[in-house]
Amino acid sequence: MIKIIASDMDGTLLNDKMEVSSRNIDAINEATANGIDFLIASGRGLSEAKPFLRNEVHPGYITLNGAEVYNQDEELISSNPIFRKSVKTISDYLKANDLYFELITDKGIFSNSEEKSVSSLAELLHILNPNTTYEQALADTKEKVKHSQTIFIDDLNEILDNPEYKLMKFLVFDSRQDEVFGPLKVELSKDKDIVVTSSSPNNVEINSVDAQKGIALMEYAKSKGVKPEETMAIGDNLNDYSMIKAAGIGVAMANAVPEISEIADQHADTNVNDGVAKVIEEVIKKNNTVGNCE
């Protein structure tokens, strides 16, 4: 019987309009009504993830790839920032190679270029949803940025050099993809205190090695007295790898990258076709069947 379901957002719970469909909302609420603990497991921070749910569902959150975990009351229950020595290693490399990056901290998200932030997010939306043209993705992104929590400043050193800020994640964007990210992964992987993942071919996400979705999901389950085999994780990209691997049942979206599809126990429909809702509906049926047989 499945007692916890953790779902990624981008390319998974979010459709091609970067929205959570009504069917997905209804399925999450139905899961909760049937005693299933639902978690959002995202590379996004809480302030970014929460608005997508329109206050219609109230899950727990594994955010920033596991750097922060919140319960259903949005109380912070764990935090795994990047060590200061690793912050310097990462920032020195990114600056030396003139790469655009955003800083996700315990006090907000910071960028030094609104133009690059918008274009990078539009490219991400287009890549994750190929049926959406880049032009449409750009228009959608410009609209969403108006309500964004990102704080734009001229010099990111104001944050990097300030010990009052905990650095939870570096988010790096580049349209050259593996040409840039290949050498980056090789170099930064020398630091065993950090982990490099991605949620799209045009980005990499850098966290503390302790900030992984799989680790966070298993710790959350343990705190609830739930066995690993009673957990399910749904995702589509590389930053979902650890939780797809760790969960009792790992589910890959039909639009998942090959690395995720290969390790998954089950496969779902696409994010455009309410794949998460269909999985949840099936879990509820199976749980009820098991419950009726006990």
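Hydrogens, waters and symmetry mates are skipped; everything else that's a heavy atom, side chains included, is used. Bear in mind that the values here come from a model prediction, so they are computed numbers and not experimental data.
Annotation: the span from Arg44 atom CZ to Asn65 atom CG amounts to 11.5 Å, rounded to 0.5 Å. Rounded to the nearest 0.5 Å, atoms CD1 (Ile109) and CD1 (Ile159) are 12.5 Å apart. Of the inter-residue distances, the one linking Ile28 atom CD1 with His58 atom NE2 reads 11.5 Å to the nearest 0.5 angstrom. Taking CZ of Phe181 as the start and CZ of Arg176 as the end, the distance is 8.5 Å to the nearest 0.5 Å. Residue Ser200 holds its OG atom at 10.0 Å from CG of Leu238, rounded to the nearest 0.5 Å. Rounding to the nearest 0.5 Å places CD1 of Ile2 at 4.0 Å from CD1 of Ile249.
In this structure, the side chain of Ser119 engages the main chain of Lys116 through a donor-acceptor pair within 3.5 Å. Put simply, the side chain of Ser242 gets close to the backbone of Gly214: a donor and an acceptor are under 3.5 Å apart. The main-chain N or O of Gly11 is found under 3.5 Å from a side-chain atom of Asn255 such that the two form a donor-acceptor pair. Here the side chain of Thr105 pairs a donor or acceptor atom with the backbone of Gly108 at under 3.5 angstrom. Put simply, the side chain of Ser111 never gets that close to the backbone of Phe152: no donor and acceptor are under 3.5 Å apart. Side chain of Lys169 to main chain of Leu64: no donor-acceptor pair is present (N/O by atom type, distance under 3.5 Å, no hydrogens or angles). When atom types are taken as modelled, the side chain of Asn288 and the backbone of Lys285 share no donor-acceptor pair closer than 3.5 angstrom. Looking only at distances, no side-chain donor or acceptor of Gln136 sits under 3.5 Å from a matching main-chain atom of Thr133. With hydrogens and angles disregarded, no donor-acceptor distance shorter than 3.5 Å links the side chain of Asn287 to the backbone of Met1.
By the rule that hydrophobic residues join a cluster once side-chain heavy atoms approach within less than 4.5 Å of another member, Ile40 and Met18 end up as members of one cluster. Ile36 and Ile4 fall into different hydrophobic clusters, where Ile, Leu, Val, Met, Phe, Trp and Tyr are joined by side-chain heavy atoms under 4.5 Å apart, directly or via other members. Linking Ile, Leu, Val, Met, Phe, Trp and Tyr residues whenever their side-chain heavy atoms come within less than 4.5 Å places Ile25 and Ile5 in a single cluster. Cluster annotation: Met218 is connected to Tyr220 through the hydrophobic network of ILVMFWY side chains, with a link wherever side-chain heavy atoms come within less than 4.5 Å. Leu125 and Leu121 end up in different hydrophobic clusters when Ile, Leu, Val, Met, Phe, Trp and Tyr side chains are linked at under 4.5 Å.
Between the side chains of Asp236 and Thr12, a donor-acceptor pair is found at a separation under 3.5 Å. Under 3.5 Å, the side chains of Asp73 and Asn71 contain no donor-acceptor pair of N or O atoms. Side-chain contact check for Thr270 and Asn273: at least one donor-acceptor pair (N or O, by modelled atom type) lies under 3.5 Å. Counted by atom type alone, Asn129 and Asn271 present one or more donor-acceptor pairs between their side chains at under 3.5 Å. Side-chain contact, Ser199 with Asp10: no donor N or O sits under 3.5 Å from an acceptor N or O. For the residue pair Glu158/Asn162, the side-chain donor-acceptor check at 3.5 Å is not satisfied. For Ser21 and Asp274, the side-chain atoms include at least one donor-acceptor pair closer than 3.5 Å.
Nearest heavy-atom pair across Ser79 and Met168 is OG-CE, 3.4 Å. Of all the heavy atoms in Met243 and Ile234, the pair that sits closest is CE-O, 3.4 Å. A pairwise comparison of heavy atoms in Ala268 and Gly275 identifies CB-O, 4.0 Å as the closest pair. For the pair Asn24 and Leu13, the tightest heavy-atom approach, listed with the atom from each and the gap, is ND2-O, 3.3 Å. When all heavy atoms of Phe38 and Pro59 are compared, the pair lying nearest together is O-CB, 3.3 Å. The heavy-atom pair separating Ala256 from Gly235 by the smallest distance is CB-O, 4.2 Å.
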Can you list the steps and then say if Asp37 with Gln72 is a side-chain contact (heavy atoms from CB on, under 4.5 Å)? CA-CA 9 Å; Asp37 202 341; Gln72 282 83 355; 2.3 Å; yes
With side-chain contact (heavy atoms from CB on, under 4.5 Å) as the criterion, how do Ile280 and Glu30 come out once you've worked through the C-alpha distance, each side chain's angles and the decisive distance to 0.1 Å? CA-CA 9 Å; Ile280 293 173; Glu30 186 67 16; 5.8 Å; no
Step by step, work out the side-chain contact (heavy atoms from CB on, under 4.5 Å) result for Val276 and Met253. CA-CA 8 Å; Val276 171; Met253 302 297 289; 4.3 Å; yes
Begin from the C-alpha positions of Asn97 and Leu184 and carry the test side-chain contact (heavy atoms from CB on, under 4.5 Å) through to its verdict. CA-CA 9 Å; Asn97 288 276; Leu184 179 153; over 6 Å; no
Would you sort out whether Ser208 and Asn80 count as a side-chain hydrogen bond (donor to acceptor under 3.5 Å, both in side chains), showing the intermediate values? CA-CA 7 Å; Ser208 162; Asn80 291 291; 5.4 Å; no
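With contacts defined as side-chain heavy-atom distances shorter than 4.5 Å, the pair Asn237/Leu128 qualifies. Proximity of Asn202 to Ser175: side-chain heavy atoms (C-beta onward) are nowhere separated by under 4.5 Å. Within the 4.5 Å cutoff, the side chain of Gln212 has no heavy atoms near those of the Asn207 side chain. Looking only at side-chain heavy atoms (C-beta outward), Phe173 and Ser117 stay at 4.5 Å or farther from each other. Considering only heavy atoms from C-beta on, Leu156 comes within 4.5 Å of Phe110 through its side chain. For the pair Lys50 and Glu74, the minimum side-chain heavy-atom distance is below 4.5 Å. Within the 4.5 Å cutoff, no side-chain heavy atoms of Tyr61 are placed close to those of Ser42. By the 4.5 Å heavy-atom criterion applied to side chains, Lys85 and Asp193 are counted as neighbours.
Within a 6.0 Å sphere centred on CZ of Phe83, other residues, nucleotides and ligands contribute 12 heavy atoms or fewer. Within 6.0 Å of the NZ atom in Lys185, the count of heavy atoms belonging to other residues, nucleotides or ligands exceeds 12. Heavy atoms from other residues, nucleotides or ligands lying under 6.0 Å from NZ of Lys95 number more than 12. Counting heavy-atom neighbours within 6.0 Å of Asp155 CG, excluding the residue itself, gives a total above 12.
A tilted orientation is assigned to the rings of Phe101 and Phe170, their planes being inclined by 30° to 60°.
Taking Lys278 as the reference, Asp269 meet the salt bridge (charged side-chain N to carboxylate O under 4.0 Å, His left out) condition, with sequence neighbours excluded.
Residues Glu164 and Lys107 are not paired through a salt bridge, judged by the lack of any N-O separation under 4.0 Å between the basic side chain and the carboxylate.
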